[in-house]
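Throughout, a chain's letter reflects where its sequence line sits, starting with A, and its residues are numbered from 1.
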Amino acid sequence: MTAPTKKLKVATTSLAGCFGCHMSFLDIDERLFTLLEHIEFDRSPLTDIKTTSPDCDIGLIEGGLCNAENVHVLREFRAHCKILIAVGACAINGGLPAQRNHLPLTTILEEVYHTSPGLANGMIPNDPELPLPLDKVHPIHEVVKVDYFMPGCPPSADTIWKVLTDLLAGREPSLQHGLIHYD
Amino acid sequence: MSQTFTLDGKTIPFADGQTIIQAAADAGVFIPHLCYHPEFKPHGSCKLCTVKVNGRHTASCTMRAAAGMVVESDTEEINAERRALTQMLFVEGNHFCPSCEKSGNCQLQATAYHLGMMSPHYDHFFPNRAVDASHPEVLLDFNRCILCSLCVRASRDVDGKNVFALSGRGIQTHLIVNAKSGQLGDTDFTLADKAAHVCPVGVILKKRQGFAVPIGERKYDQAPISETVGEGQ
Amino acid sequence: MTINEMHAEAVAGVVDRVVARHRRDPSNMVQILREIQEACDWISPEAIDRLQATLGVPRTKIEGVAGFYAFFYTAPRGQYRVLFSDNITDRMLGSKALIDRLCNNLWVERGKVSEDGLVSVGQTACTGMCDQGPAMLVNNLAIAGLTAERIDQIAELIRGKVPLAEWPAEFFQVEDNIRRADILLDSDLKPGDALRAARARAPSDGLHASNMRSWREGLPTGLGGPAATLDEIKRANLRGRGGAGFTTGLKWEACRNAPLKSGQQRIVVCNADEGEPGTFKDRVLLTRFADLVFEGMTVAAYAVGATKGFIYLRGEYRYLLDQLNAVLARRRAEKLLGENILGIPGADFDIEIHLGAGAYVCGEESALIESLEGKRGTPRNRPPFPVTNGYLDQPTIVNNVETFAAAAMIALNGGDWYAGIGTKASAGTKILSVSGDCARPGIYEYPFGVSVRQVLEDCGATDTQAVQVSGPSGVCVAENEFDRIIGFEDIPTAGAFTVFNKTRDMFQVARNYVHFFQHESCGFCTPCRVGTSLLRNLMDKLHHGAGSPYDFAEIERLNQLLQSMSHCGLGHTACNPVLDTIAKFRPYYDKRMMQQDFTPAFDLDRALGAARQMTGRDDAAAHLATEHGGKA
Ligand SMILES: Cc1cc2nc3c(=O)[nH]c(=O)nc-3n(C[C@H](O)[C@H](O)[C@H](O)COP(=O)(O)O)c2cc1C
Ligand code: SF4
Ligand code: SF4
Ligand code: SF4
Ligand code: FES
Ligand code: FES
């Protein structure tokens, strides 16, 4: 990897995910320092910056779309990042949260707020601050165009490293046996 | 075995009556497949094993080898088509590998790895399919069924029981079991049946045995599926 | 007691009777299930119990077959089961409004059973009444030429629980609409004449050589007829009328030459599944020229040495069953069927009618054979082909209705006579089923070589934009191609000729056809089972205004995949209507490409609907913009 003239801006976020993918990202350990010679983080839980700059080079999305806010964030990423990467099972096929998809949302809300024991007179929260849930959880490629995918739950540090370094070097990312896994 | 054909330029000998995939396996060449199993009559439905014979697409598990055939298999074009088929199978059912007991030992997953499938690409169908936990020893999770019919063939041809069959049509095609209740627990199925051990994916699962092998040591963690060629023959 | 509440005992009685009539032969499963349903309105678990016991086959087999065919119901669908034909021509004739009208009249939701369990109203693929649509099936009996008035009458009869047998006969009247006749539709063949001519014919290689051949082939000797008849069929250059256009003489010869194992016989199958939307000429042939068709089958049997014949009649033509059986009975009485036909020793042949049950794919010859054997209608792996390993693994020829009709005329008049009709590459005539935007829809028989323009003129079509020739699996012909001709050398066809004038939206035509293929995919192979659903979803996405160039590229990729990877002709041709209309009527698609950039197929705002309803919220944050092409 030759040092770029200008560092690439990388933004990351977690939608309906568990932060496992972010943890895995941090697992690249000391290679993070090498990476930081080539990139700078924009909006990311790692930096605590809350809005994406309009000229990000790479956006990494963990998690699928479970509610309205997820959709807003995803659209902002798509608009602001040249390359959008779906990171992890949840971003790619909805993952664990999508396992609610065979149940009607109404049934789920009923169950959670009305009928579970100990919730007598429970109310479904209607605070406008709270994002409304979508009737189904969707992987992100069903809502915006996604350029690359890093499967795994989470993808291993080596997988993340390989994809990012391939991209930095201007290569199409390619993963050999052991680096592609869906679990 | 004096007759031969070529497969991706390599000369492959074959015996009379052998299919392309059989001859290839004997010669140590892997052709992706899901509904084919060397112990059963080929079904020819998943189409993962599609190759080009003299320029025409055909399923290699049902096509008999013939002398002088020119067969292409491991090409960019065909692998892209096969990859699209695995993607179709992933979106057709509900495949959440992280919570699947078969993960790491699953032929669909391993085939998708082999083909470099990075995402399911299409919009998911998220069908509503049941789980059948009625049997004391075996769980059926239909969410992952790819309709390969291996269990159907095993139960009918080896176990002599007809525990499984396909019903429905088109995208509604689904597996049924041989009981008025529709429950596996009401059939004569046992863990000793051949049909209990042929499912290439995570539908027919032994109960109380999930995740027995640690990640890293499961079948396809250790070697890619392409290196398991000829297994079971 | 309503029929739905019939006791298990009564059901068992019905099952026993039906099973006995079918000699306890599970290879008649499709017929058995149909007859049980005709008697009981549906195939109940109790009926399956009894079947399992009396036939001695596993329940999985029965349920697997019952689950495959659209006309078999394993849940009650009412005493009156109405299915509207949903071909594009029915829609053009206003079927949608009629469905709504009937549903409103009967207080029933489309696709559901009424609360009192009396009636259900649904839709089915083209019922072969395109020249007199809109049409419906009531308990599988066809009613054509529907009007609002007729719908109201039907609603009243249903509400009054009047048995179908007491409905006015004119409701069930089906017109033949023969508009142009040629050698087939003008034929006044006297039953038996073609057979007598075949028998009298001397083989070109001499009687002795012919005898030797027959002897080697295990066929009756002492007659030149069979070999000579085959020679005439070859000389006629007859090609199949079912779509694929395979040379009939070669097929028959291959069957004749196929070795018979002991206990086997050769089989002749007439493919009257006629499922291709827009096709209805086989219906007319079987209505008006049944003798010609049966005679052709008997000629075929004589030529190939077959002793058993089947007609696979599509379930939609159930109303023809009794009259066809009557013709068969008469022919038996006239010694034109049965043993020693025309007094020729060893010339034994008889024909049995099997009804389909709502599965287009069963028109594919190997799926048809599976269905004849009482199984799910999934196409077989080939080779081996039916001519060597067909019905119950016996040598079998499958030919279209019209092919047999032509064969009878060839037997009568000779191959040279026939080859002189039509064009050099396409001998004989072709019957077209003309429907859609024209003044005189119906049946037109032309010598091959007629131009599309000529047909349009004859049927009184004006302002024509396109013609779908040979149905959804055929080609869509645009105005600048109207001088092309019907024939194997240019536009081959199984017969459908559906006319669209310039007010029609060709995108909607293609979309209707894609829905058809999705509905009819047998589900055996991955590319077609999943691919036709994906294709349907993409066409619907375009229809709903969410299409972008991305989806267009996706459609092309799917087309490619279906063509290369599918198991049978259904999958191979499922994308034809889309490919053709994209190539020839691109503006209809461009109009739908409302988005610059990728847009979700589902409506995001609607996806919040359930949550809005549950929380009672309707503030700005409780909504999502859905049209966002290009902007975030
Ligand atoms: C999906 C599908 C449906 C078909 N439907 C029919 C049909 O309804 N009638 C028919 O004669 N042939 C149909 N065919 C063609 C048959 O497979 C077969 O080629 C034909 O019956 C042979 O008869 P012919 O040689 O006289 O044309 C169909 C083929 C496919 C792939
Ligand atoms: S069956 Fe295979 S592909 Fe499906 S969820 Fe399980 S491991 Fe994944
Ligand atoms: S259960 Fe398994 S073996 Fe049986 S059809 Fe489904 S995927 Fe195949
Ligand atoms: S192409 Fe379609 S209809 Fe033909 S076998 Fe495959 S799924 Fe069935
Ligand atoms: S959040 Fe990373 S895999 Fe689910
Ligand atoms: S392995 Fe050949 S079609 Fe499935």
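Between chain C and the options A/Leu109, A/Val71, A/Leu65, the largest number of non-hydrogen pairs under 4.5 Å is found for A/Val71. Taking chain C as the reference chain and counting heavy-atom pairs below 4.5 Å, the highest number among A/Lys145, A/Glu142, A/Glu129, A/Lys136 is found for A/Glu142. Between chain C and the options A/Ile124, A/Thr106, A/Leu132, A/Leu134, the largest number of non-hydrogen pairs under 4.5 Å is found for A/Leu132. In terms of non-hydrogen atom pairs under 4.5 Å with chain A, the most contact-rich of C/Ala620, C/Ala621, C/Ala622 is C/Ala622.
In this structure, the side chain of C/Asp605 does not engage the main chain of C/His623 through any donor-acceptor pair within 3.5 Å.
Residue A/Leu105 touches chain C through its side chain alone, counting heavy-atom pairs closer than 4.5 Å. Neither the backbone nor the side chain of A/Asn67 comes within less than 4.5 Å of any heavy atom in chain C. Residue contact with chain C, scored on non-hydrogen atoms closer than 4.5 Å, is absent for A/Pro104. Only the side chain of A/His138 comes within less than 4.5 Å of a heavy atom in chain C; its backbone stays farther off. In this structure, the portions of A/Glu110 lying under 4.5 Å from any heavy atom of chain C include both its backbone and its side chain.
Between A/Glu76 and A/Arg43, at least one side-chain N (NZ, or NE/NH1/NH2) sits under 4.0 Å from a carboxylate O, which counts as a salt bridge.
Annotation: side chain of A/Leu35 is in contact with side chain of A/Leu168 (closest heavy-atom distance under 4.5 Å). A/Val163 places a side-chain heavy atom less than 4.5 Å from the side chain of A/Leu175.
Scanning both residues, A/Tyr182 and A/Ile180, for their nearest heavy atoms gives CE2-CG2, 3.8 Å. In this structure, A/Ile160 and A/Cys21 approach most closely via the heavy-atom pair CD1-O, 4.0 Å.
Taking the six-membered ring for Trp and the full ring otherwise, the centers of C/Phe598 and C/Tyr550 sit less than 6.0 Å from each other.
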